[in-house]
**Q** 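First the structure, which I've put down as structure tokens, then a few questions once you've had a look.
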Number of protein chains: 2
Amino acid sequence: MRIGELSERTGTPRRLLRYYEEQGLIKADRLANGYRDYDEAYVDRVLQIRGLLDTGLSTRIIKQILPCLNKPREIHFDEATPETLALLASERDRMTARIRCLTRNRDAIAEYLEMVSRA
Amino acid sequence: MRIGELSERTGTPRRLLRYYEEQGLIKADRLANGYRDYDEAYVDRVLQIRGLLDTGLSTRIIKQILPCLNKPREIHFDEATPETLALLASERDRMTARIRCLTRNRDAIAEYLEMVSRA
DNA sequence: TCAAACCTTGACATCGGTGTGAAGGTCAAC
DNA sequence: GTTGACCTTCACACCGATGTCAAGGTTTGA
Ligand SMILES: [Zn+2]
Ligand SMILES: [Zn+2]
Ligand SMILES: [Zn+2]
Ligand SMILES: [Zn+2]
């Protein structure tokens with residue numbers, strides 16, 4: 001699929017798809033005429049990237065953790081350096097903190113809304 | 001407490017404390033000489049703001065939801081307009097989506113790290 | 001009295017994610 | 001052939017969060 005369809009199916013401006021590629025998050029094949037050519041799997045992948053960006057992760061971090069997210073059941077030895085593993089552990093902990101913060105505050109909002117709806 | 005102590009106790013640059021005030025997230029009393037004077041409770045409040053910012057919420061949204069987070073057990077009638085309630089519900093749902101995304105991806109990272117540590 | 005450590009406001013810069021548009025190539029339909 | 005819809009790269013702009021610095025006032029202590 002070309003960039004237009006991927007853009008449409010993910011709700012992502014073409015500009016950003018090119019930006020994510022520039023940042024190394026996605027990689028497109030090229031057709032004979034130079035057009036980008038995306039595999040079907042990129043729909044999910046782009047949505048995943050968008051979701052992670054929305055939760056506060058940077059493209060730099062996403063780039064580092066993405067390979068492990070996609071195929072978590074196999075070790076990527078090229079990335080299994082102590083530094084990368086430390087980064088992954090640190091990111092895992094930061095995400096846990098984010099989840100706690102989000103959950104607590106979302107529950108407070110929900111509680112407030114319920115109270116208002118009862119009044 | 002003055003801005004320096006609040007900065008130190010929350011790990012937040014003074015610059016940002018003034019910025020949060022400018023955005024209406026916090027409000028400081030003033031001493032006779034013009035210095036900002038913060039109540040003890042601002043330590044938690046600033047940490048809460050920082051946490052929410054880290055999870056991808058903007059200062060504008062945080063400003064809207066903060067009053068309901070702090071005293072969720074009472075209705076703030078001045079803010080209980082249909083628009084504000086709709087925003088709160090929408091934000092609650094977005095936060096739920098963020099939590100799901102973060103949880104799924106964090107679990108994948110954790111799973112990967114466990115596998116590596118076993119190998 | 002002077003220095004150091006605070007504080008003030010204001011301006012300007014940086015950085016990442018994003019918007020927008022120019023200038024031009026490709027392709028399908030008419 | 002021409003038109004319109006797609007694609008390319010490139011550049012410039014914008015916005016929110018943050019860094020940095022200047023110029024100056026206040027307080028505390030040598
Ligand atoms: Zn990996
Ligand atoms: Zn929090
Ligand atoms: Zn409220
Ligand atoms: Zn996700």
Side-chain angles (χ1 to χ4, degrees), chain A residues 1-39 42-43 45-66 87 91 94 97-98 101-102, chain B residues 1-39 42-43 45-66 87 91 94 97-98 101-102:
Chain A
M1 114 190 57
R2 287 173 305 177
I3 199 172
E5 184 181 347
L6 183 59
S7 165
E8 193 179 345
R9 289 174 63 184
T10 60
T12 306
R14 289 147 232 253
R15 170 74 173 89
L16 288 186
L17 294 175
R18 300 192 184 103
Y19 175 69
Y20 299 154
E21 175 176 331
E22 187 183 308
Q23 302 305 309
L25 273 58
I26 58 182
K27 212 163 9 182
D29 292 340
R30 295 293 181 139
L31 300 172
N33 54 14
Y35 290 9
R36 287 175 178 79
D37 181 33
Y38 296 97
D39 185 88
Y42 271 93
V43 175
R45 187 171 170 108
V46 168
L47 290 176
Q48 183 182 31
I49 290 171
R50 302 276 290 173
L52 290 171
L53 277 172
D54 189 50
T55 65
L57 272 69
S58 67
T59 54
R60 188 190 134 265
I61 294 296
I62 295 175
K63 177 182 178 178
Q64 299 262 344
I65 70 181
L66 210 45
L87 174 98
E91 240 11 76
R94 293 193 45 170
R98 282 194 182 94
C101 180
L102 275 171
Chain B
M1 118 190 52
R2 287 174 306 177
I3 200 173
E5 184 180 346
L6 183 59
S7 165
E8 193 180 343
R9 289 174 62 184
T10 60
T12 307
R14 288 149 233 253
R15 170 73 174 89
L16 288 186
L17 294 175
R18 300 194 184 104
Y19 176 69
Y20 299 154
E21 176 176 331
E22 186 183 308
Q23 302 304 310
L25 273 58
I26 58 182
K27 211 163 14 182
D29 293 340
R30 294 295 180 136
L31 300 172
N33 54 15
Y35 291 8
R36 287 175 178 81
D37 180 32
Y38 296 97
D39 186 89
Y42 271 93
V43 175
R45 189 172 169 107
V46 167
L47 289 176
Q48 183 183 29
I49 291 171
R50 303 277 288 174
L52 289 171
L53 278 171
D54 188 50
T55 64
L57 273 67
S58 68
T59 54
R60 190 190 132 266
I61 295 295
I62 294 174
K63 175 182 178 178
Q64 300 260 345
I65 70 181
L66 211 44
L87 174 97
E91 233 23 66
R94 294 193 46 173
R98 281 194 183 95
C101 180
L102 274 172

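Lettering of chains follows the sequences in order, A, B, ..., and the numbering in each one begins at 1.
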**Q** Rounded at 0.5 Å granularity, tell me how far CG in A/Leu52 sits from CD1 in A/Ile62.
**A** 5.0 Å
**Q** Using a 4.0 Å cut-off to any heavy atom of chain A, which nucleotides of DNA chain C are the first and last in contact, reading 5' to 3'?
**A** C/dG16 to C/dC27
**Q** Set out, line by line, the N/O atom pairs under 3.5 Å between protein and nucleotides 28-30 of chain D.
**A**
none

**Q** Hey, mind stepping through B/Arg14 and B/Leu6 against side-chain contact (heavy atoms from CB on, under 4.5 Å) and telling me if it holds?
**A** CA-CA 8 Å; B/Arg14 288 149 233 253; B/Leu6 183 59; over 6 Å; no
**Q** Is any side-chain heavy atom of B/Leu66 closer than 4.5 Å to a side-chain heavy atom of B/Ile49?
**A** yes
**Q** Quick one: are A/Arg45 and A/Asp39 in side-chain contact, heavy atoms under 4.5 Å?
**A** no
**Q** For B/Leu87, give me all partners under side chain to side chain contact (heavy atoms under 4.5 Å, CB included), at least two apart in sequence or on another chain.
**A** B/Arg60, B/Ile61, B/Gln64
**Q** Using a 3.5 Å cut-off and no angle test, enumerate the donor-acceptor pairs between side-chain atoms of residues 15-29 of chain A and protein atoms at least two apart in sequence or in another chain.
**A**
from, atom 1, to, atom 2, distance (Å)
A/Tyr20, OH, A/Arg50, NH1, 3.0
A/Glu21, OE1, A/Arg36, NE, 2.7

**Q** Given atom CZ of A/Arg15 and atom P of D/dA11, what is their separation to the nearest angstrom?
**A** 12 Å
**Q** Closest heavy-atom contact between B/Cys101 and A/Gly51?
**A** SG-C, 3.6 Å
**Q** The criterion is side chain to side chain donor-acceptor pair (under 3.5 Å); which residues satisfy it with B/Glu8, sequence neighbours excluded?
**A** none
**Q** Any residue in residues 29-39 of chain A with a heavy atom nearer than 4.0 angstrom to DNA chain D? Just list them by number, or reply none.
**A** A/Arg30, A/Gly34, A/Tyr35, A/Arg36
**Q** Roughly how far, to the nearest 0.5 Å, is the CG atom of B/Leu102 from the OG1 atom of A/Thr55?
**A** 4.0 Å
**Q** So, using salt bridge (Lys or Arg N to Asp or Glu O under 4.0 Å) as the criterion, who are the partners of B/Asp54 when residues are at least two apart?
**A** A/Arg94, A/Arg98
**Q** Return the residues of residues 1-14 of chain B meeting this criterion: a heavy atom under 4.0 Å from some atom of DNA chain D. Order them by number, or give none.
**A** B/Pro13
**Q** Any side-chain heavy atom of A/Tyr38 sitting closer than 4.5 Å to one from A/Ile3?
**A** yes
**Q** List the residues meeting side chain to side chain donor-acceptor pair (under 3.5 Å) with B/Thr10, not counting sequence neighbours, and say none if there are none.
**A** B/Thr12
**Q** Can you run through DNA chain D from 5' to 3' and write each base as (, ), [, ], | or . depending on how it pairs? Watson-Crick or G-U wobble, both distances under 3.5 Å.
**A** ||||||||||||||||||||||||||||||
**Q** Taking all non-hydrogen atoms of both residues into account, name the closest pair between A/Met1 and A/Val43 and its distance.
**A** CE-CG2, 3.9 Å
**Q** Strictly under 3.5 Å: I want the nitrogen or oxygen pairs between protein and nucleotides 14-17 of chain D, one per line.
**A**
from, atom 1, to, atom 2, distance (Å)
D/dA17, OP1, B/Thr59, N, 2.8
D/dA17, OP1, B/Thr59, OG1, 3.3
D/dA17, OP2, B/Tyr19, OH, 2.4
D/dA17, OP2, B/Thr59, OG1, 2.9

